[in-house]
Structure formats: C-alpha cells, structure tokens
Amino acid sequence: MKREYAEEIAADLKRDYESRAEARRPFETQWRLNLNFYMGNQYCTANVNGDITDVERDYYWQEREAFNHISALVETRQAKLNTVRPSLTVRPFSSDDSDIKTAKTSSKILSSTCDKLDMDAILTDGTMWSEITGTAFYFVGWDETAGLKIGDGACEGDVFVRVLSPFEVYPDNVFAQNVGDCRSILTARAVDVAEIKRVYGKTVAPEPSEVLRLSSVAIGGGLTTETAVGKITASASTKSATVIERYTLPTDGKPDGEYAVAANGVLLHYGPLPYVNGADGKRVLPFVKQVAIVNAGCFFGTSIVERAIPVQRAYNAVKNRKHEFMNRLSMGVMAVEDGSVDIDNLEQEGISPGKILVYRQGATPPRMIDCGSVPHDFDQEEARLLNEFTRISGVSEIMRSSQSASGATSGVALQLLIEQDDTRLSLSAEYVRLAAREIARQILRLYKQFGSDMRLSRIAGKEGKIELIKWSASDISSDDVVFTTDNELLSTPAMRQNMMFELYKMGLLSDADGNMTESAKHRFMNALGYGGWDSDISLSDVHVRRAEAEDEKGEFVLNEFDDHALHIDTHVKYLLTENPTGKKAERLKAHIREHKAQSDAAQEQSAPMPEPVSNI
C-alpha cells in the first residue's frame with residue numbers, strides 16, 4: 001500500500017474516533033459517576049464539560065461519611081446473576097442421521113471449548129461491567145499463536161473470548177439498539193508502544209493516551225476525622241499510544257468488509273473483516289453485547305447504579321445530618337458572655353469532668369444551650385430511603401441482609417418473596433443467557449472457518465468420565481445453539497427438588513401397585529442431585545451406562561445379570577429420541593424383546609404357586 005494512502009486511512013480513523021468519542025461523551029460521564037459511587041466516592045458530581053469533580057465541605061465540622069448501599073446492591077445482584085450459566089446444545093440441521101451425529105459432536109466441541117476458555121469467569125467479568133455501567137461487550141476472535149504447535153513454529157490456532165468494557169467501544173450510531181444495527185464499530189485502548197511493536201512489527205511514537213486510574217481522595221469523615229476513599233480518575237499515559245480498530249460491515253464495493261488498525265498516525269493493518277462469524281456464512285461484527293437493563297432506542301444499556309445514585313445521596317444526607325444532631329447532643333453547644341472566660345482554653349479542652357471553670361467576676365456564667373432531641377422525621381426518612389433502594393434495584397431485604405422481611409413468618413410467604421426477587425432479576429439474567437448463546441454460536445463458526453486440521457478435545461462425561469474426541473471443521477454442520485434449560489432464576493435447584501417431592505407425594509412416580517420401580521428410583525435420585533452418592537457408582541448407574549454404551553456402539557449383548565427393567569427403559573428411550581434406522585434399529589428392537597422375554601420369565605418363576613384345591 002502506498003504511503004500516502006496509508007496515512008490518509010490512519011488520519012480518517014483518528015477523525016472517526018474523535019467524532020464518535022464526542023457523541024458518546026454523555027454516556028461515558030455517567031459510567032465514571034457510577035464507578036465512583038460504587039467505589040465509595042459519593043461526594044462528587046459531573047460538571048457541564050462532562051468531568052467528574054469533588055464536592056467540597058461547607059463547614060469543617062460537617063459530617064461527610066458515605067454509607068455505601070450501592071456496592072452492596074451490585075454485589076448481591078451479581079451473586080444472583082452468576083448462578084445463570086445456561087446449558088447449551090447444538091440443534092441438528094435436519095433429521096438425517098449424519099446431521100444428528102455431527103450436532104452431537106458440535107455440542108461436545110462447544111462444551112470442551114467453554115471449559116478450556118473458563119467461560120464462567122468470562123461471564124462473571126462481563127456481568128460486573130454490565131451491572132455497574134449498564135453494558136458489557138465480548139469480543140470473539142481467533143488467535144493464530146494459540147493451540148498445539150504443528151511444525152515450523154506455526155500453531156493450530158484457537159478461539160479466544162475477551163471482555164470489553166464500554167469505555168473501549170464506539171458505535172457509529174449511539175441510537176442503534178443492537179450490534180447488528182450498526183454498520184461499523186470502533187474500539188480504542190491505550191497500548192504500550194513496545195507491545196505494538198511486538199504485535200504489528202511497526203514502530204509507533206508514544207502519545208498522551210487517556211486511561212482510567214484508581215486513586216485515593218480524603219473527602220469523607222466527620223468532625224475530627226478524615227476518610228480516604230477510592231476515586232476513578234482519567235489520566236494520561238506517557239509510554240503508550242491509542243490503538244484504534246475499526247470493523248466495518250461488507251458493502252457493494254467491499255464485499256468482505258473492512259478491518260483497519262492505526263495508532264498515532266501509523267496504519268498498522270488494513271484488510272477485510274477476518275472472521276466469517278455470522279449466520280449462513282456471512283461476515284458480521286465480532287462483538288456480543290450484554291446489558292443490565294435495555295435503554296430503549298439507545299446502543300448502551302442502563303445500570304441500577306444510575307437509578308440508585310439520587311437515593312444514595314439522599315440517604316447519606318439524612319444519616320450525616322442525624323449524626324450532626326447527635327454530636328450537638330453529646331458534645332453540647334455552650335453560650336459564653338464575651339470576655340467572661342478564656343475562650344481558647346474552653347474551645348480546646350471543652351468542659352471535662354472535674355474541670356474548674358473560671359469566669360470574670362460579675363459576668364454571666366457560661367451555660368449549655370438546649371439542643372432538643374433528634375427529630376423523629378430522620379428515622380422515618382431513613383426507613384423510606386431503604387425501601388426506595390429495594391424498589392428500584394430488585395434486591396429485597398431477604399437478598400440484601402439474609403434476613404426475613406418483617407411480617408413474613410411462614411415458609412410459604414418467604415418462598416413467595418424469594419420468587420418475586422428472582423422474577424425481577426430474570427430480565428437481566430435473560431440478557432446473560434442470550435449473550436452466552438451468541439458467544440457459543442460465534443465460537444462454532446470460527447472453528448468451522450479455521451479448524452480444518454484434525455483436532456483433539458477432552459470433555460467430562462457422566463460420573464466424571466473423561467472422553468476424548470477427534471474432530472475437524474467438517475464435523476460442524478450446524479451452529480444453531482439452543483438452550484436445554486430454563487432461566488436458572490425461574491427454576492432453581494431448590495424449586496425443582498420441591499417439585500419432585502410433590503410429585504412423589506401425589507403418587508405420580510409410582511406404578512399401579514403404588515411402588516416405585518428401580519428405574520424410576522434411579523431417575524428420582526438423579527433429579528435430586530444424589531444419583532452418584534459422592535462419586536460412589538451405584539449398581540443402577542452401571543446398568544444404565546452399560547445400556548447406553550450398547551446403544552452408541554450398536555452392539556447388543558444379553559447378560560444373565562442385567563437389570564432388565566433399566567435396560568429396557570434406556571434402550572426404548574434411545575429408540576424414541578435418536579430414531580436409529582436400518583439394521584441397527586432392527587437389532588435394537590430384537591434386543592429389547594429379548595430383555596422383555598427374560599423379564600417376564602423371571603416374574604413367572606418368582607410368582608407364588610397356587611394352593612391345590614381339595615376334592616372333598
């Protein structure tokens with residue numbers, strides 16, 4: 001590429017970045033304010049220029065403690081949302097046997113990749129950003145230097161998923177609702193110039209790059225104390241340069257899209273979009289967005305912190321004014337006639353027990369002014385503000401303090417309150433599930449694009465059994481990832497266990513004689529989470545695993561020690577769900593009939609003999 005053309009592209013990226021940064025500035029100001037309140041720096045405000053400034057004290061004696069309820073709300077919500085880890089599977093492209101087989105392989109590949117990438121930790125980091133700022137992003141890409149070495153210093157490559165804070169992402173339209181509504185997305189972050197040289201092989205001069213830093217500021221405290229709290233500030237890095245990356249969707253002139261990278265006027269890379277990561281083999285923007293609450297008609301979401309800031313300010317004011325009243329009551333306010341006593345001594349030492357107070361002869365003795373008592377309105381307003389925290393955040397007293405709500409004493413009432421809390425959080429939980437599903441889809445599409453060589457993946461099977469599978473890109477025929485479980489907040493393990501007990505009490509799990517079969521008992525214990533009994537493999541598990549192995553291999557052998565009921569249930573389930581065809585289906589049906597014949601014969605032998613009838 002000609003030098004003039006490269007400089008023109010780099011300059012265009014710089015202008016585009018500055019324009020998008022200006023359009024995004026109001027949102028960034030709110031994010032910084034949210035971060036400061038979350039960290040405890042709650043005596044700050046945003047000025048007309050979008051900068052965060054400290055609010056100074058009016059008087060030296062003014063109480064300025066921060067009673068941080070926002071961090072507790074965010075931590076409680078995040079703890080609940082971290083339980084949302086959806087179980088994903090790949091739906092076959094068609095009902096053909098080969099598509100069903102490759103869909104199973106794709107599900108195993110997806111499970112292995114999620115374990116390898118530690119998707120739980122990635123979703124936890126993303127949820128932290130979405131809860132504080134309202135929005136988090138995931139970048140799904142391909143690392144050519146990852147994976148096993150295949151010779152000549154080359155590696156097979158592998159997928160990576162990186163969490164991006166909203167500070168790094170600049171859409172072309174801040175009023176676009178979703179990532180798919182944008183024509184291009186730009187990312188910018190400060191990178192050390194030595195790292196730029198290592199990655200791109202080009203020398204870039206350092207420039208003042210804005211970065212967020214955590215510092216300490218003493219703005220809290222009371223009459224005689226100062227409190228240092230964390231403060232999020234913007235500062236300039238002197239050894240870095242701002243790396244600007246722009247991803248643009250395909251157009252008529254550029255059918256493969258555009259991907260450009262520049263830093264401080266130097267074009268580092270220019271080419272098409274690198275990933276075929278969309279449905280039907282299309283190239284789309286490699287970003288997945290997760291929000292806490294959707295902001296209608298806006299690209300960035302809304303955070304609970306933003307709604308809680310006015311309540312937090314009011315709560316701090318009420319508590320501090322209340323403590324100022326208590327200071328006056330405990331320390332007292334003294335009225336002294338001018339010139340009657342040594343004012344300096346009285347101000348420094350006060351009226352200590354046993355103190356001899358000397359005042360001028362003929363003057364009025366100093367006296368304590370009656371300050372009354374703390375108004376009851378303070379207590380009422382404090383309680384109202386605590387209830388306001390609950391209403392706007394969806395975090396009730398049970399979730400916040402692990403204590404039962406006042407007036408709720410029965411187990412049914414407490415369970416209803418817990419379900420109401422989970423329902424209010426279910427919307428944010430659904431956004432976590434949708435983000436996880438879209439990440440999984442893009443992972444499979446990248447493996448379809450780059451995973452041409454034979455690969456080996458390890459997955460954990462049932463009862464902790466490790467399974468190794470060999471696969472390549474040709475084994476991925478579908479990227480239709482779907483949920484296999486409901487929203488985890490709407491169907492918790494405790495709720496499912498209670499439902500199982502209710503079904504058992506109603507007799508729906510028993511046979512006509514009122515007894516529970518071994519097969520039903522085995523499934524019942526698995527549903528309760530006690531099927532393994534602390535990794536001790538039960539006899540029922542052995543029978544089920546043996547039957548499942550026969551189904552997978554297509555080799556059906558009758559054993560005289562088989563539990564026929566468990567084998568019949570397992571084989572029939574496989575026959576109805578997997579729909580095997582051809583000779584395998586005929587062998588399976590014949591094998592089921594053999595089990596039934598053996599089971600009927602065993603029942604006849606164990607049946608009691610009828611008593612002989614006398615002719616007399």
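Along the sequence shown, the residues carry numbers beginning at 1. Fair warning: this is a prediction, and the values are worked out from it, not measured in the lab. All values below come from the heavy atoms of this structure, side chains included, with hydrogens, waters and symmetry mates left out.
Residues Leu164 and Trp129 are not in side-chain contact: their nearest non-hydrogen atoms beyond the backbone lie 4.5 Å or more apart. Side-chain atoms of Cys44 and Phe37, non-hydrogen and from C-beta on, do get closer than 4.5 Å to each other. Residues Met128 and Val163 form no side-chain contact, since every pair of their non-hydrogen atoms from C-beta on lies 4.5 Å or further apart. Contact of the Arg77 side chain with the Val74 side chain is not registered, since no non-hydrogen atoms from C-beta on lie closer than 4.5 Å. Taking the side chain as every heavy atom from C-beta outward, Asp551 and His571 approach each other to under 4.5 Å. Within the 4.5 Å cutoff, the side chain of Phe139 has heavy atoms near those of the Phe287 side chain. Residues Asn295 and Phe300 fail the side-chain proximity criterion, which asks for heavy atoms closer than 4.5 Å. No side-chain heavy atom of Ile293 sits under 4.5 Å from any side-chain heavy atom of Tyr431.
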Run Arg437 and Arg441 through side-chain contact (heavy atoms from CB on, under 4.5 Å) and show every step you take.
CA-CA 6 Å; Arg437 185 180 66 180; Arg441 289 175 175 175; 3.7 Å; yes

Could you check Lys282 against Leu249 for side-chain contact (heavy atoms from CB on, under 4.5 Å), going step by step and ending with a plain yes or no?
CA-CA 10 Å; Lys282 297 179 181 178; Leu249 289 178; over 6 Å; no

Report the C-alpha distance between Ile304 and Ile392 in whole Å, list the side-chain angles of each, state the deciding distance to 0.1 Å, and finish with yes or no for side-chain contact (heavy atoms from CB on, under 4.5 Å).
CA-CA 7 Å; Ile304 290 297; Ile392 68 176; 5.5 Å; no

Apply the test side-chain contact (heavy atoms from CB on, under 4.5 Å) to residues Gln442 and Val161: give CA-CA distance (whole Å), side-chain angles for both, the deciding distance (0.1 Å), then the verdict.
CA-CA 10 Å; Gln442 294 203 23; Val161 180; over 6 Å; no

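Lys116 is linked by a side chain to side chain donor-acceptor pair (under 3.5 Å) to Asp158, counting only residues two or more places apart in sequence or in another chain. For Asn387, the side-chain contact (heavy atoms from CB on, under 4.5 Å) test picks out Arg391, with sequence neighbours left out.
Looking only at distances, no side-chain donor or acceptor of Glu168 sits under 3.5 Å from a matching main-chain atom of Ala188. Between the side chain of Ser107 and the backbone N or O of Val90, at least one donor-acceptor pair lies under 3.5 Å. Side chain of Thr127 to main chain of Gln78: no donor-acceptor pair is present (N/O by atom type, distance under 3.5 Å, no hydrogens or angles). A donor-acceptor pair is defined here as one N or O able to donate and one able to accept, closer than 3.5 Å; no such pair exists between the side chain of Lys289 and the backbone of Phe137. In this structure, the side chain of Thr135 engages the main chain of Gly301 through a donor-acceptor pair within 3.5 Å. Judged by distance alone, the side chain of Arg24 and the main-chain N or O of Phe167 form a donor-acceptor pair under 3.5 Å. At distances below 3.5 Å, not a single donor-acceptor pair connects side-chain atoms of Thr570 with backbone N or O atoms of His567. Side-chain N or O atoms of Asn173 include none that pairs as donor or acceptor with a backbone N or O of Cys182 at under 3.5 Å. Tyr43 contributes a side-chain N or O that, together with a main-chain N or O of Glu65, makes up a donor-acceptor pair within less than 3.5 Å. Under a 3.5 Å cut-off, the side chain of Asp115 and the backbone N or O of Ser112 do not form any donor-acceptor pair.
The shortest heavy-atom contact between Ile185 and Phe299 is CD1-CZ, 4.2 Å. Heavy atoms only, all atoms of each residue included: Gln312 and Phe67 are closest at NE2-O, 2.6 Å. For the residue pair Ser106 and Ile476, the shortest heavy atom distance occurs at OG-CA, 3.7 Å. What you find for Thr83 and Ala79 is that their closest heavy atoms are CG2-O, 3.7 Å. The two residues Thr29 and Gly50 have their closest heavy-atom pair at OG1-O, 3.1 Å. The heavy-atom pair separating Lys80 from Leu425 by the smallest distance is CB-CD1, 3.8 Å.
For the residue pair Tyr275/Gln449, the side-chain donor-acceptor check at 3.5 Å is not satisfied. Side chain to side chain, Thr124 and Arg85 meet the donor-acceptor criterion of an N or O pair below 3.5 Å.
Relative orientation of the Trp142 and Phe450 rings is parallel, given thresholds of 30° and 60° on the angle between their planes.
Distance check: Tyr447 OH to Leu110 CG gives 9.5 Å after rounding to the nearest 0.5 Å. With rounding to the nearest 0.5 Å, the separation of CZ in Arg162 from OG1 in Thr187 is 7.5 Å. Expressed to the nearest 0.5 Å, how far OG1 of Thr45 lies from CZ of Arg313 amounts to 5.0 Å. Atom-to-atom distance recorded for Arg433:CZ and Leu123:CG is 12.0 Å, nearest 0.5 angstrom. Note that the CD atom of Glu306 and the CZ atom of Phe27 stand 9.5 Å from one another [nearest 0.5 Å]. A distance of 13.0 Å separates CD1 of Ile439 from OG1 of Thr113, quoted to the nearest 0.5 Å.
Atom CD of Glu195 is surrounded by more than 12 heavy atoms from other residues, nucleotides or ligands within 6.0 Å.
Taking a cutoff of 4.0 Å between a charged side-chain nitrogen and a carboxylate oxygen, Arg25 and Glu28 do not qualify as a salt bridge.
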